[in-house]
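Okay, so here's the structure we're looking at.
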Amino acid sequence: MDISVLLERVLDKNNISQDMNFQVLSERFSEVVGETVLPHVKLVKIEGRTLVLKAATSAWKQELFLQKNAIITKCNSVLGKPFVQAIRFV
């Protein structure tokens, strides 16, 4: 078995990979949502492969919901792998 596969399994088993992905997305969140939207949304956490976001208002929640697929695509682009599969708004 390739060492990279083993490392990935160890990181996933201990949720280290999830924590690392959250850190990367936190640092580069403006690239994901853009400077205009950034003040109106907060990255809360990652649960499994679901990104949890908090919108400032219900109007922003609706706007972000409409952009859900684009946000997922941008997150995965920033991470360099297809990690985020869904978004949940709180």
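- The structure places NE2 of His40 at 14.5 Å from CG of Leu53, a figure rounded to the nearest 0.5 Å.
- The line from CZ of Arg28 to OG of Ser77 is 8.0 Å long, rounded to the nearest 0.5 Å.
- If you run side chain to side chain contact (heavy atoms under 4.5 Å, CB included) between Lys74 and each of Leu25, Val32, Val33, Val84, only Val32 comes through.
- For the pair Leu51 and Leu43, the minimum side-chain heavy-atom distance is below 4.5 Å.
- Note that NZ of Lys45 is 13.5 Å distant from OG of Ser26, once rounded to the nearest 0.5 Å.
- The side-chain heavy atoms of Val44 and Arg88, taken from C-beta on, include no pair separated by under 4.5 Å.
- For Pro82 against Arg49, the heavy-atom pair with the smallest separation is O-NH1, 3.5 Å.
- The structure places OG1 of Thr73 at 12.0 Å from CD of Gln67, a figure rounded to the nearest 0.5 Å.
- Rounding to the nearest 0.5 Å places CD1 of Ile71 at 12.0 Å from CG of Asn76.
- The minimum heavy-atom distance between Ile72 and Gln85, with the atom names listed, is CD1-O, 3.7 Å.
- Here the shortest heavy-atom pairing between Gly48 and Ile46 reads O-CG2, 3.3 Å.
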Derivation of the side chain to side chain contact (heavy atoms under 4.5 Å, CB included) call for Trp60 and Val37: CA-CA 9 Å; Trp60 276 107; Val37 176; 3.9 Å; yes
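- Note on Val52 and Leu64: separate hydrophobic clusters, where clusters join Ile, Leu, Val, Met, Phe, Trp and Tyr whose side-chain heavy atoms are under 4.5 Å apart, directly or indirectly.
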